[in-house]
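What follows is one structure encoded as structure tokens, with my remarks underneath.
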Amino acid sequence: MGCCCPKNKNKLVEEESLNSQKIDEEFEKAKKKLSQDVKILLLGGGESGKSTIFKQMRLIRDGEFYDEEIDRLRKLIRRKCITQMQILIKASTKLVIPLKKTEEAEELLKIKPSSTDWDEEIGNLILELWNDPGIQKTYEEKDKKFHLDDPANYFFDEIERISSDYYVPQNEDILRARTKTISIVEEELIVNGFKFTLIDVGGQRSERRKWIHSFDGVTSVIFVASLIGYDQTLREDNSVNRMLESLNLFRELFTRSWFKKSSIILFLNKKDLFQEKIQKVDLNVCFNEYTGGKNYEQALDFIQNQFIEVSGLGGNENRKLYPFATNAIDTSNIELVMIGVLDTILRKNFQTLY
Ligand SMILES: Nc1nc2c(ncn2[C@@H]2O[C@H](COP(=O)(O)OP(=O)(O)OP(=O)(O)O)[C@@H](O)[C@H]2O)c(=O)[nH]1
Ligand SMILES: [Mg+2]
């Protein structure tokens with residue numbers, strides 16, 4: 001029989017803990033050097049939250065957004081308020097939902113968002129319409145019957161502030177202002193003292209063929225999937241469910257073996273909106289076999305397992321999938337998660353040196 005006397009056992013434990021302490025110390029020393037070469041690619045379907053995570057990283061690095069960006073974003077946010085309300089008005093007509101504020105609706109439809117300067121009258125129109133029960137009823141039909149940007153209600157609720165002459169977009173507004181990514185954006189970033197390169201690409205179908213150019217030398221992929229996609233269809237194809245598209249895309253990453261050597265991190269994003277949606281829309285609209293009802297944890301677990309299953313990494317000890325539930329609007333959540341992600345990536349890189 002092997003040695004089992006307490007004295008030797010204690011010695012073994014001591015040696016093991018000394019060893020792991022030594023590895024930790026070496027890892028801390030190597031961390032700075034290793035992080036220089038870390039290249040992380042954000043992948044995932046359209047509107048999953050990649051660029052919002054990218055923006056958060058820049059915010060964490062710089063502490064604020066630049067003035068010239070703020071000017072552009074003020075215009076973008078106001079333009080969005082007009083276009084999103086126009087979508088709601090048109091949807092109400094299509095769904096035959098009567099409005100009380102028909103004159104205001106006609107006025108707003110006449111505005112050309114890209115060539116009109118903002119004035120407070122536009123803000124008043126939007127406020128009146130947002131308070132119209134017909135518009136509220138139409139809003140409840142979004143996702144099921146038509147597409148609207150996820151944060152549209154946030155901007156409408158804030159319309160008086162946004163409409164004011166003194167309006168300066170706050171970080172919360174900027175993080176919610178959406179523009180579809182149509183290029184590849186690469187930036188050197190810093191979290192917790194460690195530099196790395198983050199790459200953001202467009203997630204809609206037409207953008208994906210550009211991805212291949214970003215794959216070179218990638219240390220890690222953060223795959224971003226929107227948790228609320230289970231009752232949404234793609235903007236680019238109304239017959240395809242967003243969650244299923246995201247799972248297919250994820251499967252493709254593994255079947256094509258593009259990232260054989262990279263660590264794959266999964267961000268199950270928009271957990272804040274998911275928490276609300278799961279109370280109203282059952283996950284079984286997308287997955288027949290789901291029986292967990294409105295329970296957030298069960299629903300989250302179920303979705304996570306779907307991703308683990310398609311990756312085929314469930315039983316693979318050498319190649320693990322690292323899942324995180326995230327809220328890309330919440331700076332402290334993203335900072336905390338990124339510290340964990342970087343640590344995981346660096347440790348993996350470190351292990352390959354030995
Ligand atoms: N509430 C909430 N909104 C989010 C979250 N993540 C992203 N959003 C919003 O969702 C919208 C789409 O996010 P983007 O970051 O532009 O999505 P993307 O993946 O870059 O989209 P593409 O560029 O088309 O591929 C934006 O309005 C974001 O503010 C989240 O975790 N919570
Ligand atoms: Mg984007």
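In this chain, numbering begins with 1 at the start of the sequence shown. When a ligand or atom number is given, it counts from 1 through the structure's own listing order.
Of the protein's non-hydrogen atoms, the one nearest atom 21 (O) of ligand 1 is Glu47 N, 2.9 Å. For atom 17 (O) of ligand 1, the closest non-hydrogen atom of the protein is Gly49 N, 3.2 Å. Among protein heavy atoms, atom 10 (O) of ligand 1 sits closest to Lys270 NZ, 3.2 Å.
When the heavy-atom distances from atom 2 (C) of ligand 1 to Ile329, Thr326, Asn269 are ranked, the shortest goes to Ile329. Across the listed options Lys271, Glu236, Lys80, Lys50, Lys50 owns the non-hydrogen atom lying nearest to atom 19 (O) of ligand 1. The heavy atom nearest to atom 16 (O) of ligand 1, out of those in Lys55, Arg176, Arg178, is found in Arg178.
Those atoms of ligand 1 with a heavy atom of Gly203 less than 4.0 angstrom away are 22 (P), 25 (O). For ligand 1, the atoms closer than 4.0 angstrom to any heavy atom of Gly46 are 21 (O), 24 (O), 25 (O).
Salt bridge absent: Arg161 and Glu172 never bring a charged side-chain N and a carboxylate O closer than 4.0 Å.
Asp119 CG: more than 12 foreign heavy atoms inside a 6.0 Å radius. Within a 6.0 Å radius of CG in Leu95, more than 12 heavy atoms belonging to other residues, nucleotides or ligands are found. By the neighbour-count criterion of 12 heavy atoms within 6.0 Å, atom CD of Glu160 is sparsely surrounded, having that number or fewer from other residues, nucleotides or ligands.
For Pro151, every heavy-atom contact with ligand 1 shorter than 4.0 Å involves the side chain, none the backbone. In Ile53, neither the side chain nor the backbone holds a heavy atom less than 4.0 Å from any atom of ligand 1. With a heavy-atom cut-off of 4.0 Å, Asp272 touches ligand 1 through its side chain alone.
Cluster annotation: Ile159 and Tyr139 are assigned to the same hydrophobic cluster (Ile/Leu/Val/Met/Phe/Trp/Tyr, side-chain heavy-atom contacts under 4.5 Å, transitive). Note on Leu336 and Phe54: separate hydrophobic clusters, where clusters join Ile, Leu, Val, Met, Phe, Trp and Tyr whose side-chain heavy atoms are under 4.5 Å apart, directly or indirectly.
For the pair Phe287 and Met243, the minimum side-chain heavy-atom distance is below 4.5 Å. The side-chain heavy atoms of Leu175 and Thr331, taken from C-beta on, include a pair separated by under 4.5 Å.
Counting all heavy atoms, side chain and backbone alike, Ser92 lies closest to Thr138 at CB-OG1, 3.3 Å. In plain terms, the two heavy atoms of Tyr290 and Leu283 that are nearest each other are CD2-CB, 3.4 Å.
The closest approach between Ser226 and ligand 1 stays at or above 4.0 Å for every heavy atom of the residue. Using a 4.0 Å cutoff on heavy atoms, Leu175 counts as a contact of ligand 1.
Some N or O of Thr181 is nearer than 3.5 Å to an N or O of ligand 1, by distance alone. Close N/O approach between Thr52 and ligand 1 is found [any backbone or side-chain N/O within under 3.5 Å]. Taking any N or O of Ser51, backbone or side chain, at least one lies under 3.5 Å from an N or O belonging to ligand 1. Residue Ala328 has at least one nitrogen or oxygen atom sitting less than 3.5 Å from a nitrogen or oxygen atom of ligand 1, judged on distance alone. Looking at ligand 1, you won't find any N or O of Gly202 less than 3.5 Å from one of its N or O atoms. For ligand 1, one of its N or O atoms has an N or O atom of Asn327 under 3.5 Å away.
For the side chain to side chain donor-acceptor pair (under 3.5 Å) with Lys101, the qualifying choice from Glu107, Glu128, Glu106 is Glu128, the only one to do so. Under the salt bridge (charged side-chain N to carboxylate O under 4.0 Å, His left out) test applied with Asp149, the options Arg79, Lys180, Arg176, Arg235 reduce to a single match, Arg235. The salt bridge (charged side-chain N to carboxylate O under 4.0 Å, His left out) test with Glu187 is passed by exactly one of Arg61, Lys55, Lys195, Lys39: Arg61.
There is no side-chain donor-acceptor pair under 3.5 Å between Asn269 and Ser48.
Protein N/O/S atoms closer than 2.8 Å to the Mg ion (ligand 2), listed by chain and residue number, are Ser51 OG, Thr181 OG1.
Ring geometry for Tyr296 versus Phe274: interplanar angle of 30 to 60°, hence tilted.
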